[in-house]
Amino acid sequence: MSRKLLLLRPYFFPMSNIVSILQNAVAKAVTDLYGEATDPAKVQVNTTPSDFTGDYSVVIFPFVKIAKKAPDAAAAEIGAFLQEKVSEIRAYNVVKGFLNLEISDAYWQQFLNSTVANPDYGRQPVNGKKVMVEFSSPNTNKPLHLGHIRNILLGWSCTQILEAVGYEVVKTQIVNDRGVAICKSMVSWLSFGAGKTPASEGIKSDHFVGDYYVLFEQKIKEEYAAWQNTAAGQAVLVEKQKPGQAPGDFFKDFKNKWFNEYSVLGAAVREMLLKWEDHDPETLALWQKMNGWVYEGFEKTYQDLGVKFDKLYYESNTYLLGKDIVEQGLAKNVFFKKEDGSIWIDLTDAGYDQKVVLRADGTSVYITQDMGTAQMRHEELGCERYIYVVADEQNYHFQVLFEALKRLGEPYANGLFHLSYGLVELPTGRMKTREGTVVDADDLIAEVIRIAGEQSAERGETEGVSEAEKQENLRKVAMGALKFFIIKVHPKRKMIFNPEESVDLQGQTGPYIQYSFVRINGLLQRVEREQIDLSKASEYQQIMPQEKDLLVALHDYPAVVLQAAEAYDPSLIANFCYALAKSYHRFWHDLSIFNADTAAAKAFRLQLSRAVGKVLQSAMGLLGVEMPNRM
RNA sequence: GGCUCCGUAGCUUAAUGGAUAGAGCAUCUGACUACGGAUCAGAAGGUUAGAGGUUCGAGUCCUCUCGGAGUCACCA
């Protein structure tokens with residue numbers, strides 16, 4: 001199957017790019033031969049499948065009507081025209097309406113030279129535009145888990161890709177640092193913590209807080225079970241039980257109500273929340289202390305994942321926002337007020353429902369905050385685009401949010417984008433906190449590093465490397481495996497995460513790609529050591545198919561980055577990396593490099609390897625994956 | 001039930017409407033007395049859930065059916 005190429009836009013690529021040369025030439029051929037103007041950008045140019053002769057193929061079918069000829073006849077005519085007019089074309093052939101073109105070695109030589117010389121190959125010039133990417137956005141009551149990891153890797157990778165195509169990127173997260181959840185952890189620690197701290201217990205500080213959250217849930221369960229057997233509990237059962245309902249079912253349904261009206265711990269949480277909202281100094285101090293522990297822990301995890309943020313927003317500062325915008329919306333008749341005083345937006349004409357935007361008591365809901373935050377951020381940052389990396393369970397929320405902001409006439413509304421991704425599930429199904437099946441981020445990271453260490457020890461390939469360097473390389477391999485495993489899947493797709501496969505180091509994996517880089521690194525070190533002169537590369541004749549595959553892939557790289565940026569899809573980069581590494585391994589296997597027949601071939605292959613290494617490092621960097629020197 | 005998304009080999013997955021649906025894992029068979037075997041080659045494995053339609057051409061677009069997920073909170 002041929003690889004599809006982007007319809008390149010001329011202003012991104014100089015005329016030295018062979019694909020745009022071909023597109024323009026074909027358009028000209030159609031105009032000259034058949035008298036009809038054609039948009040060069042719409043000319044379909046693909047890489048030629050390996051079982052045909054040629055480097056690129058033009059799809060002729062779209063022109064047969066204009067040409068009033070059979071596909072093969074038109075293809076032959078256009079082929080002859082191209083060969084005569086385009087010096088880069090060495091030969092052509094026609095198969096079933098496809099025009100296969102062979103590109104001259106001189107072109108590829110020139111391409112390789114310029115690629116090796118260009119440190120920014122694949123990147124676009126700075127375009128002066130700003131874009132914000134919001135990702136991670138954790139709650140502060142428990143540590144990060146596998147779901148966050150996908151979010152973080154996707155978000156981070158998008159920031160790198162957008163920077164590569166010229167944007168200034170503001171990396172942000174909204175920290176959900178207030179609300180019932182953190183109050184549960186606070187109550188739990190006050191009630192059962194006995195003054196313990198992360199330091200006194202030797203536990204990573206976000207896990208420490210998370211443990212008290214879990215403990216709270218456990219205690220509340222115990223309290224509820226005990227209450228059910230009290231006289232009060234039995235009285236409620238008798239009074240409110242539906243006919244024929246089993247006591248177990250009743251108590252299951254009744255849990256929320258019980259928590260709000262009968263539970264001692266529940267009352268403590270509500271009180272805590274109220275005190276927090278009243279700015280009670282003691283409560284605020286506790287809140288700050290425990291959140292501080294959580295941030296300290298998050299920071300470590302972010303470091304392990306290799307990500308950082310430019311700007312943090314805290315929900316405690318933003319949760320009251322959005323009331324102004326509601327007022328304005330009311331004045332503009334975008335919103336309306338119901339009898340009870342609550343304010344709504346009616347989106348039924350757009351296929352959505354009515355949605356409350358402000359409660360009758362004047363307090364905010366989720367979407368109020370989000371409208372307010374969007375407005376505030378635009379005032380602060382003035383970006384052209386705002387990307388929200390949030391799981392697809394919130395698709396509807398973002399559709400409503402964006403639609404509301406559009407109707408309010410917000411100037412940035414058309415630049416909003418929800419980068420929606422599928423939830424991560426385990427082979428056993430969805431992760432559930434209550435069932436303890438949540439995969440913890442730190443545990444997972446530790447596990448992949450452990451396994452990479454085992455594998456490396458078996459191979460024993462790292463003699464003469466310092467311990468520190470060994471550890472560093474191990475970390476890169478392990479994180480490469482984990483990150484690639486997650487990013488290679490299309491964001492929209494729900495992904496099944498098999499912990500065992502995620503640490504595979506063979507096949508379609510990060511380490512497979514890193515290994516090709518390590519091989520290249522070995523070659524280049526030898527070039528350095530032996531002071532090998534690579535200038536003879538340009539004398540090389542007769543490029544081999546294994547070499548051509550690499551050249552074509554390298555040539556495609558800038559277009560792939562652009563496509564990934566436009567689609568907000570890092571998996572495109574991951575697939576590109578794998579294909580390039582695969583071609584390189586094959587090249588390595590089939591052809592001699594240092595023992596090549598001629599000095600020119602040796603130099604050419606070394607130069608080619610250098611270019612491949614450079615592009616691999618660059619592309620994997622866009623995924624947040626670092627390359628080890630040895631492994 | 002309404003809306004949205006998804007269904008590709010045993011499993012995990014790829015494919016701007018273009019050629020014989022491409023990989024990896026697992027299974028089986030092979031490969032340099034080394035430029036590093038975390039590699040390479042080969043075999044086997046598919047009615048792209050099913051049925052219609054549009055098109056020169058459909059995994060991809062349209063309609064319907066079946067199956068799965070999400071959502072439809074004055075939670076976030």
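Quick note on labels: first sequence line is chain A, next is B, and so on, each numbered from 1.
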Go through the structure and list residues passing side chain to side chain donor-acceptor pair (under 3.5 Å) with A/Asp590, not counting sequence neighbours.
A/Gln546

Using a cut-off of 4.0 Å on non-hydrogen atoms, how would the nucleic acid contact of A/Asn395 be classed: base, sugar-phosphate, or nothing?
nothing

Are A/Trp588 and A/Phe594 near enough that their ring centres are under 6.0 Å apart?
no

Residues at least two apart in sequence or cross-chain that pass side chain to side chain donor-acceptor pair (under 3.5 Å) with A/Arg450, listed by chain then number, are A/Glu447, A/Glu454

Quick one: stems involving RNA chain B, counted as three or more successive Watson-Crick or G-U pairs, both distances short of 3.5 Å.
B:1-7 with B:66-72, B:10-13 with B:22-25, B:27-31 with B:39-43, B:49-53 with B:61-65

Determine, step by step, whether A/Glu77 and A/Tyr34 satisfy the side chain to side chain donor-acceptor pair (under 3.5 Å) criterion, reporting the C-alpha distance in whole Å, the side-chain angles of both residues, the deciding distance to 0.1 Å, and the verdict.
CA-CA 11 Å; A/Glu77 224 165 46; A/Tyr34 310 123; 2.5 Å; yes

Is the phosphate of B/C5 approached by A/Lys494 (side-chain N or O, under 4.0 Å from OP1 or OP2)?
no

Over all strands shown, is A/Ile60 touching base, sugar-phosphate only, or nothing at heavy-atom distances under 4.0 angstrom?
nothing

Short side-chain N/O contact from A/Arg586 to OP1 or OP2 of B/A41, under 4.0 Å
yes

Under 6.0 Å from the six-membered ring centre of A/Trp344 and within 45° of its axis: does the NZ or CZ of A/Lys337 meet both?
no

Flag as yes if A/Phe52 stacks onto the base of B/A19 (centroids under 5.5 Å, planes under 30°), otherwise no.
yes

P spacing across the pair B/U16 / B/G53, given as an integer number of angstrom
26 Å

